[in-house]
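The structure appears below as structure tokens.
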Protein chains: 4
Amino acid sequence: MNDSRTRILDAAEALFAETGYEATSTARIALAADVPKGLVFHYFPQKMDVLLTLIDERTEIEEPCEEPLPPDPAGALRRLAARLPLRASPSMRRILFREADTHRTARDRLTALNRELVRRARRTLELTLPGARGDAARLEIAAATFATVLLYQENLFHLTGDRIDPDALADLLTQALT
Amino acid sequence: MNDSRTRILDAAEALFAETGYEATSTARIALAADVPKGLVFHYFPQKMDVLLTLIDERTEIEEPCEEPLPPDPAGALRRLAARLPLRASPSMRRILFREADTHRTARDRLTALNRELVRRARRTLELTLPGARGDAARLEIAAATFATVLLYQENLFHLTGDRIDPDALADLLTQALT
Amino acid sequence: MNDSRTRILDAAEALFAETGYEATSTARIALAADVPKGLVFHYFPQKMDVLLTLIDERTEIEEPCEEPLPPDPAGALRRLAARLPLRASPSMRRILFREADTHRTARDRLTALNRELVRRARRTLELTLPGARGDAARLEIAAATFATVLLYQENLFHLTGDRIDPDALADLLTQALT
Amino acid sequence: MNDSRTRILDAAEALFAETGYEATSTARIALAADVPKGLVFHYFPQKMDVLLTLIDERTEIEEPCEEPLPPDPAGALRRLAARLPLRASPSMRRILFREADTHRTARDRLTALNRELVRRARRTLELTLPGARGDAARLEIAAATFATVLLYQENLFHLTGDRIDPDALADLLTQALT
DNA sequence: AATGAATGAGCGTTCATTCAT
DNA sequence: AATGAATGAACGCTCATTCAT
């Protein structure tokens with residue numbers, strides 16, 4: 001069965017997140033996965049394929065679910081934060097951010113994610129704050145700010161040990177727009 | 001004179017920014033700097049010393065200058081954004097962000113920058129919005145958000161081509177707190 | 001049936017001829033033959049067995065046929081050239097020549113071919129030039145030369161695009177001996 | 001000094017001749033040369049460069065020396081055989097022949113050599129056998145035959161253990177043309 | 001007979017680092 | 001201070017071969 005393949009991906013995910021793609025050798029991956037070195041290349045002909053497969057199989061941007069929004073804007077934004085449309089472990093997020101700088105596939109995925117996040121935040125605000133629709137520019141800034149903070153949460157936490165509470169940020173931005 | 005040393009650092013800065021620290025060999029640095037391979041190790045006994053030296057000599061977090069603040073909060077925040085207290089070339093910024101994830105020195109420098117940014121934003125808001133001092137938590141969120149956006153702006157631009165206008169964000173956050 | 005076995009040998013023959021035995025992997029053979037990798041080793045327990053089998057089954061040195069010789073020596077030599085007693089495809093000939101340098105089996109086969117060629121040329125000359133039998137040494141040189149040219153013709157053509165016309169060579173050597 | 005480089009080339013020459021280029025690992029070369037593995041790549045960035053360098057530096061087609069020819073054609077051909085215009089050890093000749101089949105550089109060198117040999121043999125015969133100049137075709141065959149035998153001497157010897165005496169061949173061909 | 005996952009030795013190559021000069 | 005040959009560990013990857021099914 002695909003036990004070995006999964007173990008290789010698990011090990012790679014952990015090691016890439018911890019030390020980065022370049023600094024992680026295929027031998028270390030095999031060791032951590034407890035498989036022989038050659039097997040890594042049986043499943044992933046090139047080392048890069050391990051990274052691409054991780055991004056492909058372990059980050060997914062969810063379809064927007066169109067269930068009714070909470071009527072209040074802060075509540076709606078809070079729900080967006082809670083259901084960040086990126087199904088990916090913290091490890092995968094770090095990998096995505098780190099490798100986006102040098103690997104197109106990671107960059108493309110991250111770009112798409114950012115775009116989607118902004119789009120949803122904007123839409124949420126438009127629907128729940130009909131009065132603010134007049135000031136499109138302000139609304140856009142708020143959406144982009146919200147997306148940025150959500151996106152870089154993981155990185156920031158790694159830097160400072162602190163997180164910005166998305167709920168509090170949602171409240172703050174809502175207040176700014178009303 | 002120290003022409004060679006400077007050329008080595010210049011070359012390393014460009015290469016680290018472009019391909020990352022791990023993927024840049026000392027031989028390539030020497031080649032790009034047009035110095036013999038051995039000379040790199042004359043000035044920097046370990047490859048890591050090149051990175052440390054770059055961070056040490058080419059990124060600097062400015063001392064808080066205590067010149068009088070503009071009286072209005074939005075104006076004061078705007079000035080903070082315009083004078084991001086990080087003296088570093090675009091290349092050095094990319095290096096700092098990229099390597100912060102895996103190299104302590106870069107992380108420490110970036111952590112310090114973030115901390116300083118938050119501190120200044122908080123201080124600015126406290127001084128210009130005396131009425132808001134009562135709600136320390138909200139003020140903190142606003143400061144942290146402002147710092148985060150400033151910090152990751154460069155990254156985001158590299159990803160998406162869009163920037164969040166810091167002035168507009170300053171306005172938005174000010175409004176939220178009043 | 002033995003469809004797979006034949007396809008493996010066909011693929012190996014083409015690949016060995018094109019890239020050489022050493023530079024052809026069993027995996028490539030399996031791929032070209034459109035059979036699973038494991039099957040190659042089912043039929044040929046070692047990679048070398050593929051080469052040995054090819055030489056064994058696809059090169060054959062013909063038995064000397066003792067049909068009456070043309071009476072004139074040049075005509076007789078010409079017929080020998082026209083019926084080079086090696087039944088083998090162009091691919092197999094290239095394999096034989098190339099691998100003879102390093103693999104005993106190929107060398108043995110090629111040695112046998114050369115010996116047979118010399119033997120026939122000598123015999124032809126002896127029978128058709130009874131007067132020349134006195135000078136065995138010259139006759140031997142002529143026979144060996146004829147054999148060499150026939151043997152390396154293919155190689156030379158591959159190199160230079162030129163062929164030595166065996167008929168003309170037969171004429172020339174005959175004249176030298178009369 | 002270049003002691004190591006020479007030892008690497010010496011070792012490679014012997015091993016390539018014995019086992020062929022593909023079947024000779026760089027590790028074996030280093031071992032035989034008694035240098036560390038890494039040094040091979042210091043001098044020859046790619047394994048192929050070892051072969052190319054050998055061909056470049058250790059096979060040389062000499063300029064035709066225009067000293068007066070012996071007046072008799074057989075003597076002149078004999079001298080050509082004795083001074084085969086290829087300065088190359090027996091090892092290098094085997095390498096040249098073997099790798100010519102798959103490596104363009106070796107093929108080009110061998111082609112040039114063959115062409116030059118034929119040219120000289122033709123010229124020698126033309127000068128010493130003015131009467132034969134009328135029959136250019138026969139003269140060409142004789143020259144090509146002589147060149148072929150000289151070229152493949154080494155290979156033939158490896159196959160059969162026998163050599164064709166070039167002097168005797170020179171005599172034979174001369175006789176054929178007179 | 002047929003399959004493809006598994007194995008580990010070995011390959012060509014890279015590389016940070018050392019060191020004699 | 002400056003140089004480039006030397007070094008050997010480690011890298012990504014290939015490969016013939018095995019084996020359970």
Side-chain angles (χ1 to χ4, degrees), chain A residues 1-5 7-8 21-31 33-51, chain B residues 1-5 8 21-31 35-50, chain C residues 1-5 8 21-31 35-50, chain D residues 1-5 7-8 21-31 33-51:
Chain A
M1 83 183 69
N2 269 357
D3 198 20
S4 298
R5 187 174 179 280
R7 285 223 306 287
I8 291 169
Y21 172 80
E22 298 289 348
T24 302
S25 74
T26 53
R28 262 182 84 205
I29 295 173
L31 196 73
D34 195 28
V35 300
K37 256 178 4 167
L39 198 56
V40 174
F41 291 93
H42 178 69
Y43 288 111
F44 308 100
Q46 314 232 53
K47 183 190 173 186
M48 180 52 67
D49 293 328
V50 180
L51 179 59
Chain B
M1 78 172 83
N2 267 358
D3 196 22
S4 297
R5 187 177 180 279
I8 291 170
Y21 172 80
E22 297 291 347
T24 303
S25 72
T26 54
R28 256 182 94 203
I29 295 173
L31 194 75
V35 301
K37 248 181 355 184
L39 199 55
V40 174
F41 287 89
H42 176 69
Y43 289 113
F44 309 100
Q46 315 239 60
K47 182 188 172 187
M48 181 53 71
D49 294 328
V50 180
Chain C
M1 77 174 85
N2 266 358
D3 196 21
S4 297
R5 186 176 181 279
I8 290 169
Y21 172 80
E22 297 290 348
T24 303
S25 71
T26 55
R28 256 182 94 204
I29 295 173
L31 194 74
V35 301
K37 247 180 357 183
L39 198 55
V40 174
F41 287 89
H42 176 70
Y43 288 113
F44 309 99
Q46 315 239 59
K47 182 187 172 188
M48 180 54 70
D49 294 327
V50 180
Chain D
M1 79 183 73
N2 269 356
D3 198 20
S4 298
R5 186 174 180 280
R7 284 223 308 286
I8 291 169
Y21 173 80
E22 297 290 348
T24 302
S25 74
T26 53
R28 262 181 85 204
I29 295 174
L31 196 73
D34 195 28
V35 301
K37 255 180 5 169
L39 198 56
V40 174
F41 291 91
H42 178 68
Y43 288 110
F44 309 100
Q46 315 232 52
K47 183 188 174 188
M48 179 54 67
D49 293 327
V50 180
L51 179 59

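So that the names make sense, note that chain A is the first sequence line, chain B the second, and so on, each numbered from 1.
If you measure from atom NZ of B:K47 to atom P of F:dA10, you get 16 Å, rounded to the nearest angstrom. Remark: P of E:dA1 and CG of C:D3 are 15 Å apart, rounded to the nearest angstrom. Rounding to whole angstrom units, CZ of residue D:R5 and P of F:dA6 are separated by 12 Å. At whole-Å resolution of the value, CD in C:E22 and P in F:dA16 are 9 Å apart. The CZ-P distance, from D:R28 to E:dT13, rounds to 17 Å in whole Å. One atom, CD1 of D:I29, and another, P of E:dC11, lie 11 Å apart when rounded to the nearest Å. Rounding to whole angstrom units, OH of residue B:Y43 and C1' of F:dT3 are separated by 13 Å.
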Dump every N/O contact between nucleotides 18-21 of chain F and the protein below 3.5 Å, one line per pair.
none

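For the pair B:M48 and D:T26, both in contact range of DNA chain E, the more 5′-proximal nearest nucleotide belongs to D:T26. If you find the closest nucleotide of DNA chain F to C:Y21 and to B:V35, the one lying nearer the 5' end belongs to B:V35. Mapping C:T24 and B:V40 onto DNA chain F by nearest heavy atom places B:V40 at the nucleotide closer to the 5' end. Residues D:F44 and A:D34 each lie close to DNA chain E; by heavy-atom proximity, the contact nearer the 5' end of the strand is made by A:D34.
Within the model, atoms OG of D:S4 and OH of D:Y43 stand 5.0 Å from one another, a figure rounded to the nearest 0.5 Å. To the nearest 0.5 Å, the span separating CD on A:E22 from OG1 on B:T24 amounts to 9.0 Å. Distance NZ/D:K37 to CD1/D:I29: 12.5 Å, rounded to 0.5 Å. Once rounded to the nearest 0.5 Å, the distance linking CZ of C:F41 with CG of C:L39 reads 11.0 Å.
Comparing F:dA2, F:dT17, F:dG12 against the side chain of B:H42 picks out F:dA2 as the nearest. Of the candidates F:dG4, E:dT7, F:dA6, the closest approach to any side-chain atom of B:P36 belongs to F:dG4. Comparing E:dT3, F:dA6, E:dT17 by their nearest atom to the side chain of C:L39 picks out E:dT3.
For A:A33, the side chain to side chain contact (heavy atoms under 4.5 Å, CB included) criterion is met by A:R7, A:I8, A:A11, A:V35, not counting sequence neighbours.
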(request) Apply side chain to side chain contact (heavy atoms under 4.5 Å, CB included) to B:Y21 and B:K47, showing your working. (result) CA-CA 9 Å; B:Y21 172 80; B:K47 182 188 172 187; 3.6 Å; yes
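Taking side-chain N and O atoms only, A:S4 has no distance below 4.0 Å to OP1 or OP2 of E:dA5.
Contact annotation for A:S25: backbone-only contact, meaning every heavy-atom pair under 4.0 Å involves sugar-phosphate atoms and none involves a base.
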(request) Can you run through DNA chain F from 5' to 3' and write each base as (, ), [, ], | or . depending on how it pairs? Watson-Crick or G-U wobble, both distances under 3.5 Å. (result) .||||||||||||||||||||
